[in-house]
Amino acid sequence: MFKTKISKVLGVVLTAAMVLSMFAVATPVAAANQAWSKISLPGSGATGGYVVSDTDMRFYDIGILEWNADKTAIYASAVYDDGDATLVRIFKSTDAGRTWKMVFSNWTGSAPVLDGPYIFDICASSVNANEVYFTDGYDIYTTKDGGVTWNKLSNVYIWADDNDWANQPEGLIVTLDVGYAGANKYVFTGTASFGTTGVNGVYMCQETAFGMPWSDLSIATQGHDWTTFDGIDTYYPDCSVWDVVVDPTDFATKQGVIAVAQDNDGNTWITAKYFGNQWNQPALCKDAEVLVSNDETFGSIYSVYHAELWLPSDFNSSLTSGKFQAWLALATMDDQGDVYLWYGGATKTIDLNVSGLDTETEVSDIDGAGGVGTAKLIIGGYLNSSAWGPNTWYSADGLTFTKTSKAPTGDDSWYDEDVTVLALADFATSGKALAGTGGWDCAVSYTADFGKTWNQISMLRQAINEVANIAGNLFVVTYDYVEQSVWRLSGGVYERVFSTSMVDEDGDIDVAVSPAGDAVFVAALGGTMIWRSLDNGQTFAQQVSSITTASGTAINSWFVSNANTILVGGDNVVYQTSTNGVLWFARTCAVGTVTSFAVSTDGSTLVAAGSAGKVSKSTDGGVTWSTASAAAPTVSAVSLVTFQNGSNSVVYLTGENGGAFKYDFAATTPAWVQIDNAVTTGETFDSGAYADVDNGVGIFSGIASGGNVLYVLDGTWDNVIRITNVGTSYKAGIIPAPATAGSATKLIGAAAPGANVLYGIFDDELYVYTDKMAVPVANVQATKITTTGFTITWDALNVDNSNITVEYYIVITDAATAVKVCYGLPTGAGTTTATTLKVTGLDEDTVYQISVWAVDPVMSFVGTASVATQPEKLTYTFNLMPTNGASNVPVKPVFAWDSVVTAVSYDLVLSTDPTFADATKVLATKNLTTNYWAYDGTLSNSTSYYWKVRVNTANSTSEWFPAVFTTVKADAAPVEVNNPPDITLEVPQAETPAYIWLIVAVGAVLTIAVIVLIVRTRRVV
């Protein structure tokens, strides 16, 4: 509504100033991966949105909540005190009350701006979203620019004095409203005197007229006993006006003004004036008396200190309209308050008895949505009973009311710390509203269920001096010297869902979420009580009984196994309930004073660790416990235990004296193995130093692809020791502490495949770390393989953080000898930020194992590939036949080459295509176990043919060796001759030349000589 206010009487009645803390809500910073990122906790001051208080500046009174004209901004008054002066401020919110900006302060330097220390009313223009008014009881301030600048209206007291008004106003301005008639704007005020009556009334300022003139609307001179006699000879108008509103739907025509006023006899009335006439006009609107409990026997209400009228959206000031109706909220000093229904023209109101018949309630504010027949109301106030404290009520029909089940926090008093309420824009359908409270643990609270349950969202009196614990996703426990709070982070905003101010229990508090996420618990550390929520922390119910029923004394260590099973650590005993505290039992567990619990991933097994450094397990929900193990080395009085993720037998342990140890209940001979003190230099290449735990204050086992990963928070060095293991091989590295963090106190983890999330508490700060490197390097491959090397490629580890440079380490090992032959880098060792690496200088035809893993910012798991270098390819020296370039090769050739000792086969391809690309031209494709092959067809003569051959060994395949040859020409074919006709030739007789006869003669002589020689040399036997 356009007019929501609460009269503040602290300056008149009470002078005590409260000093304590409040909490602030801020949107968390998005978590970076592979680097700690600070989570914004609820923030204080200007940079924190005034969600919680500063340690030195504390909220202790949220006075008024008021919408601007278009409901894009909320204005609030609040006392924000540094302990030296009461500092009243005006704040503005543009996110429905989640965060605020201060737009007005009572103090400039060392001088107060206001005449009084309190703001009694805020009123927003109904037509201008940037126009707002407020009063400190004496002056009226206005802004026309949304709070950037403020100016005073003319002062009604000074105006009355300067213009010699007969009846000078004596009380304080406690109520404001604004009406518009064309271009004219009128500001209305009502003044009142607290605890008495005086010269007061309704006054009007024409703001748009020159000089801003004021008029007395003379409410105290008409009807009823508005006057008092001074005992001599003068009667004075005597009344108090507690609320004034203008007709919200038709002021420009009717000039209707409605007021709640108290006369000299102590009677309270709702009175109205229309069309410029006087008050109490029966033909237009009779005065209605506000009676206690609708009974004239009890008379009229006489001790009002605040009144608030709420008019429905379809209000109509016609007696015949059926919509001349309003609701009145009253707060009094004498247990007379309540909500009253008023009909224009009626002579008395109807007491709606929000807390039941004959029960009065101090109602300090009312707001709602809807019309006369559809009104849904939210009201705030205090019970007039021993059950003091802020309360709200909701009405779905404007007649019957339901009290809150989880009230806003605030002081258990009234009068100075009223409850103010504001229906948010969609209240009618969503049930969303705000409530402002004062005093101890005051705040702006939020409801989304029509006021049934409230959580604190801003302007909290509490500060945050320490973060104690975190649980689930995400509940945070914060401390403030005196009060502790549990915050729920949901939808990017914080809501405080639990405070020690809500319960009567000594000690600090702690929070835990069941492994299934179906229940949230709060325990009183050092106390005996536990509370459970089954609606994600919205409401908590105390257990039926505490551990004292099982002889327990105090809660020091505790564990939630499921929504009903809870364990509390004692001295060689575990206090156990499987009925959420209906029954508690003491179970023997001989591990010393129990300091830590854990549950296996499948929920089947529990384990407890104690001051003796021993562990014991239970497979029946903590009813019975096994014989305790031997003591782990060096672990001290505070031991912390966790299961290996996915296992129900392997546990890890750490403690104050340091070390990280593994114990397997299922081992043939269970024994403790230390896993944190491995040297991580040299070829293992993870961290450049020892990664050992000096003071274990947190432990968590996460999910890993390729092995397991354990995280241990070191309270001495404030870093996390990150231990990866595959089988029995452990490698430890370091996640450095956040650069700006203080002392490490707590580590909580959320396991997820390849993206474990760590929450770390460092003093009063909360950090998050998302480990996306608990995976192997993927897609390791060797390409461009030669006889002496290859190129290694792999997929980059995607950590989704542009500020992180991932560095990789590569090792190449001879598969046969297991000797590391190469570190895969040009210098022989080191890291690379690339995702490809060329390796040379290796042996031919040899199998190598490639290992690639990231080493910075933390170590990943290893990605591997197996590759063999190529054998030597065939060349000319291998006596290829046909040789490359040969000609006249037979058309039935034989292919041959020198055999290779390591070959297991050979591949041969014959084609008429020099590129071998055209499959239609391939004549033969052979895989041969011999080093020769005869072509089983017939090639064409005088044709070029292309062939290639390669060697296949047991390890690899050589490159192809190509060659070309040309076949022989074909033999000459016989020539067919056609015989011509016979031709007779006459050849002349030729004379024999003389040299011919000479040759014949010589030949004859030589022949005879040879014959003679043969005969003479022949021997007869």
Side-chain angles (χ1 to χ4, degrees), residues 1-5 66-72 121-135 140 142-144 153-154 156 173 175-190 201-219 222 241 243-261 270-287 308-327 342-345 367-372 375:
M1 64 185 189
F2 294 124
K3 185 169 182 293
T4 302
K5 57 194 180 298
E66 172 73 356
W67 280 114
N68 68 344
D70 62 1
K71 293 193 175 183
T72 58
D121 197 11
I122 299 176
C123 174
S125 164
S126 60
V127 297
N128 188 335
N130 290 317
E131 190 169 43
V132 179
Y133 300 81
F134 77 83
T135 180
I140 298 174
T142 182
T143 179
K144 311 302 182 187
L153 269 64
S154 65
V156 64
I173 301 172
T175 177
L176 294 172
D177 206 359
V178 181
Y180 297 85
N184 296 319
K185 179 167 49 180
Y186 301 92
V187 177
F188 296 85
T189 68
V202 176
Y203 308 99
M204 181 184 72
C205 171
Q206 188 174 354
E207 185 180 357
T208 50
F210 178 76
M212 299 182 187
W214 283 93
S215 300
D216 182 355
L217 299 188
S218 304
I219 192 174
Q222 302 156 45
V241 176
D243 195 20
V244 59
V245 297
V246 301
D247 187 323
T249 57
D250 201 13
F251 176 80
T253 302
K254 298 179 180 179
Q255 293 89 53
V257 183
I258 307 168
V260 179
I270 297 178
T271 183
K273 68 190 304 293
Y274 278 87
F275 299 107
N277 297 317
Q278 298 305 317
W279 305 88
N280 190 24
Q281 305 161 69
L284 295 174
C285 182
K286 295 179 183 179
D287 284 359
E308 186 78 31
L309 279 166
W310 184 81
L311 279 62
S313 59
D314 56 355
F315 177 84
N316 188 318
S317 56
S318 168
L319 293 176
T320 60
S321 69
K323 296 184 178 181
F324 201 171
Q325 182 175 325
W327 282 261
W342 171 68
Y343 294 98
D367 200 3
V372 169

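On a predicted model such as this, the values are computed, not experimentally measured, just so you know.
Under 3.5 Å, the side chains of Y186 and T208 contain no donor-acceptor pair of N or O atoms. Looking only at atom types and distance, the side chain of D287 has a donor-acceptor partner in the side chain of T271 under 3.5 Å away.
When atom types are taken as modelled, the side chain of S154 and the backbone of M212 share a donor-acceptor pair closer than 3.5 angstrom. Formation of a donor-acceptor pair under 3.5 Å by the T175 side chain with backbone atoms of V244 is found in this model. Without hydrogens or angle criteria, N277 side chain to Y274 main chain gives a donor-acceptor distance under 3.5 Å. Without hydrogens or angle criteria, W279 side chain to L217 main chain gives a donor-acceptor distance under 3.5 Å. Counting only distance, with no hydrogens or angles, the side chain of T189 and the backbone of L176 share no donor-acceptor pair below 3.5 Å. Judged purely by atom type and a 3.5 angstrom limit, Q255 uses its side chain to pair as donor or acceptor with the backbone of T253. For the pair D177 (side chain) and V246 (backbone), a donor-acceptor distance under 3.5 Å is present. For N68 (side chain) and N130 (main-chain N/O), no donor-acceptor pair under 3.5 Å exists by modelled atom type.
Between K71 and E66 there is no salt bridge, since none of the side-chain N atoms of the basic residue sits less than 4.0 Å from a carboxylate O of the acidic one.
Separation of atoms NZ (K254) and CG (N316) is listed at 5.0 Å; rounding is to 0.5 Å. Rounded to the nearest 0.5 Å, atoms NZ (K144) and CG (N128) are 7.5 Å apart. With rounding to the nearest 0.5 Å, the separation of CG in N184 from CD in E207 is 11.5 Å. Expressed to the nearest 0.5 Å, how far CH2 of W214 lies from OH of Y203 amounts to 10.0 Å. Note that the OG atom of S126 and the CG atom of D70 stand 12.0 Å from one another [nearest 0.5 Å]. For the atom pair CD (Q325) and OG (S317), the distance works out to 13.5 Å, reported to the nearest 0.5 Å.
By the 4.5 Å heavy-atom criterion applied to side chains, I258 and L311 are counted as neighbours.
Ring-plane geometry between W342 and F324 is classed as perpendicular, the angle between the planes exceeding 60 degrees on a 0 to 90 degree scale with a lower cut at 30.
Taking D314 as the reference, K323 meet the salt bridge (charged side-chain N to carboxylate O under 4.0 Å, His left out) condition, with sequence neighbours excluded.
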